[in-house]
There are 2 protein chains.
Amino acid sequence: MPRSSPPVAPDLMATLAQFCRTYQQDFLAAAQSLDLTGSHASLLCLLAEPRAMRELAESLSCDASNITLIIDRLEQRGLVERHIDPADRRVKKVVATAEGAAIAAQVHARMRGIHAALDSLTPARRRSLRDILHQLGSHPAPGTDPA
Amino acid sequence: MPRSSPPVAPDLMATLAQFCRTYQQDFLAAAQSLDLTGSHASLLCLLAEPRAMRELAESLSCDASNITLIIDRLEQRGLVERHIDPADRRVKKVVATAEGAAIAAQVHARMRGIHAALDSLTPARRRSLRDILHQLGSHPAPGTDPA
DNA sequence: TATTGTTATACTCTATAACTATA
DNA sequence: TATAGTTATAGAGTATAACAATA
């Protein structure tokens with residue numbers, strides 16, 4: 001097996017993959033404990049700020065028609081509301097209600113596995129992780145290129 | 001809003017959530033570029049070593065009957081094979097074929113967004129990230145407790 | 001004309017339950 | 001009897017296409 005890449009890259013990718021898998025498992029378990037599907041919880045957790053339906057579809061990598069149905073249910077449950085954007089009346093901004101925001105916070109709070117893992121780090125390493133992830137986050141997202 | 005938690009925790013959780021979302025988007029795009037659904041690609045990428053069907057169901061947080069169908073398709077496509085475990089003839093170990101392993105590697109290789117982000121880090125920070133994630137990974141997984 | 005969001009439809013995915021084989 | 005995997009079925013989720021409203 002030839003190895004022309006820098007030595008850290010393959011190992012890092014594998015470790016990253018495993019971590020994200022663990023994160024997903026923990027997230028799903030937390031969502032289900034709150035009577036939410038993974039999609040519903042993902043959507044709710046995106047609403048720290050109001051977002052247009054189309055934005056949400058892109059973030060979840062799914063069709064816009066799908067978002068309509070998910071938001072329908074979350075709205076029936078009183079967790080989100082639709083507000084027409086005055087700046088462009090075609091757009092509907094989805095905002096979390098107080099209860100919706102509380103449940104979104106609960107999803108993250110109930111991710112016991114992740115919290116336990118993070119608690120095992122020294123404070124310095126936690127800060128280091130946060131800084132590195134923050135830098136990674138401030139990069140052009142894959143699918144969201146504004147042509 | 002009261003804040004009794006350590007200051008780094010909420011910020012870290014939010015950053016972590018966003019990173020894992022970006023990872024998922026990039027992973028899905030890479031999978032689709034190889035004519036794989038997200039589930040099929042996830043399963044294929046779990047087969048660095050042979051695994052029993054039941055293990056795979058747990059890793060993907062889905063029912064075992066579902067794994068049967070996914071493996072059926074991957075097998076028809078020549079990407080995996082089922083081998084009865086001699087130690088327990090009820091168990092079927094799923095192993096990736098050479099082509100399956102190559103495609104699994106391709107999935108990771110095609111995650112352009114993640115690679116670009118990682119490339120933006122200094123080598124020292126990449127090593128730091130790898131070490132931290134490695135430590136996080138060596139912790140009791142949430143759903144996999146051997147009661 | 002292009003875009004946002006919705007509706008109707010068909011297709012796929014996923015879980016539930018019953019079954020076979022092995023332990 | 002308990003467990004691993006499969007099969008058949010029903011329910012939920014997802015995408016496609018046509019539509020209404022706004023730009």
Side-chain angles (χ1 to χ4, degrees), chain A residues 21 24-25 27-29 31-44 46-47 50-77 80-95 143-147, chain B residues 24-25 27-29 31-33 35-44 46-47 50-77 80-95 143-147:
Chain A
R21 228 167 6 241
Q24 279 305 119
Q25 288 179 335
F27 183 85
L28 188 61
Q32 289 176 339
S33 79
L34 291 160
D35 281 310
L36 292 168
T37 68
S39 298
H40 289 200
S42 295
L43 218 160
L44 202 52
L46 279 170
L47 298 178
R51 297 204 189 281
M53 308 280 286
R54 169 152 280 276
E55 278 182 87
L56 296 171
E58 278 176 12
S59 293
L60 266 65
S61 303
C62 74
D63 192 82
S65 64
N66 198 6
I67 300 295
T68 297
L69 300 175
I70 298 179
I71 295 295
D72 280 351
R73 290 214 193 157
L74 291 175
E75 199 170 27
Q76 285 161 18
R77 211 163 139 178
V80 305
E81 290 173 357
R82 285 180 236 231
H83 293 298
I84 291 175
D85 183 352
D88 182 344
R89 296 179 48 78
R90 294 173 301 182
V91 174
K92 293 183 186 171
K93 296 275 196 183
V94 183
V95 304
T144 329
D145 62 324
Chain B
Q24 279 304 118
Q25 288 178 334
F27 183 85
L28 188 61
Q32 289 176 339
S33 78
D35 281 310
L36 291 168
T37 67
S39 297
H40 290 200
S42 294
L43 217 160
L44 202 53
L46 278 170
L47 297 178
R51 296 203 190 283
M53 308 281 286
R54 169 152 281 276
E55 277 183 87
L56 296 171
E58 277 176 12
S59 293
L60 267 65
S61 303
C62 73
D63 191 83
S65 63
N66 198 6
I67 299 295
T68 296
L69 300 175
I70 298 179
I71 295 294
D72 280 350
R73 289 213 193 157
L74 291 175
E75 200 171 26
Q76 284 162 18
R77 212 163 139 180
V80 306
E81 290 174 355
R82 284 180 237 230
H83 293 298
I84 291 176
D85 183 351
D88 183 344
R89 296 178 49 78
R90 294 173 300 181
V91 173
K92 293 183 185 171
K93 295 276 196 183
V94 183
V95 303
T144 329
D145 62 324

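Each chain gets a letter, A, B and so on, in the order the sequences are listed, and its residues count up from 1.
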Can you check the [X] [atom1] to [N] [atom2] distance for me, whole Å?
{"X": "B:H83", "N": "D:dA4", "atom1": "NE2", "atom2": "C1'", "answer": "17 Å"}
{"X": "B:K93", "N": "D:dA4", "atom1": "NZ", "atom2": "P", "answer": "12 Å"}
{"X": "A:K92", "N": "C:dT4", "atom1": "NZ", "atom2": "C1'", "answer": "9 Å"}
{"X": "A:E58", "N": "C:dG5", "atom1": "CD", "atom2": "P", "answer": "10 Å"}
{"X": "B:E75", "N": "D:dG5", "atom1": "CD", "atom2": "P", "answer": "13 Å"}
{"X": "B:M53", "N": "D:dT3", "atom1": "CE", "atom2": "P", "answer": "18 Å"}
{"X": "A:I67", "N": "C:dG5", "atom1": "CD1", "atom2": "C1'", "answer": "11 Å"}
{"X": "A:I71", "N": "C:dG5", "atom1": "CD1", "atom2": "P", "answer": "10 Å"}

CD of B:E58 to CG of B:D63: how many Å apart, nearest 0.5 Å?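 It comes to 11.5 Å.
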
Considering just the side-chain nitrogens and oxygens of A:R82, establish if one lies under 4.0 Å of OP1 or OP2 belonging to C:dG5. no

What are the two closest heavy atoms between [X] and [Y], and how far apart are they?
{"X": "B:S59", "Y": "B:L46", "result": "CB-CD1, 3.7 Å"}
{"X": "A:L56", "Y": "A:R51", "result": "CD2-CB, 3.9 Å"}
{"X": "B:H40", "Y": "B:I70", "result": "CD2-CG2, 3.4 Å"}
{"X": "A:H83", "Y": "A:V95", "result": "CD2-CG2, 3.3 Å"}
{"X": "A:A52", "Y": "A:V91", "result": "CB-CG1, 3.6 Å"}

Close side-chain approach of A:K92 and A:D85, heavy atoms under 4.5 Å: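 No, side chains not in contact.
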
Treating B:Q32 as the side-chain partner and B:F27 as the backbone partner, does any N or O pair qualify as donor plus acceptor under 3.5 Å?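 Not a single qualifying donor-acceptor pair exists.
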
Could you go through the side-chain contact (heavy atoms from CB on, under 4.5 Å) check for B:R77 and B:L36 one step at a time? CA-CA 11 Å; B:R77 212 163 139 180; B:L36 291 168; 3.6 Å; yes

Tabulated below should be each protein N or O lying under 3.5 Å from an N or O of nucleotides 19-23 of chain C; please produce it.
from	atom 1	to	atom 2	distance (Å)
C:dA23	OP1	B:R89	N	2.9

Taking only nitrogen or oxygen atoms into account, show me every contact under 3.5 Å that the protein makes with nucleotides 8-14 of chain D, one pair per line with its distance.
from	atom 1	to	atom 2	distance (Å)
D:dG13	OP2	A:R73	NH1	3.0
D:dG13	OP2	A:R73	NH2	2.9
D:dT14	OP2	A:N66	ND2	3.4
D:dT14	O5'	A:N66	ND2	3.4

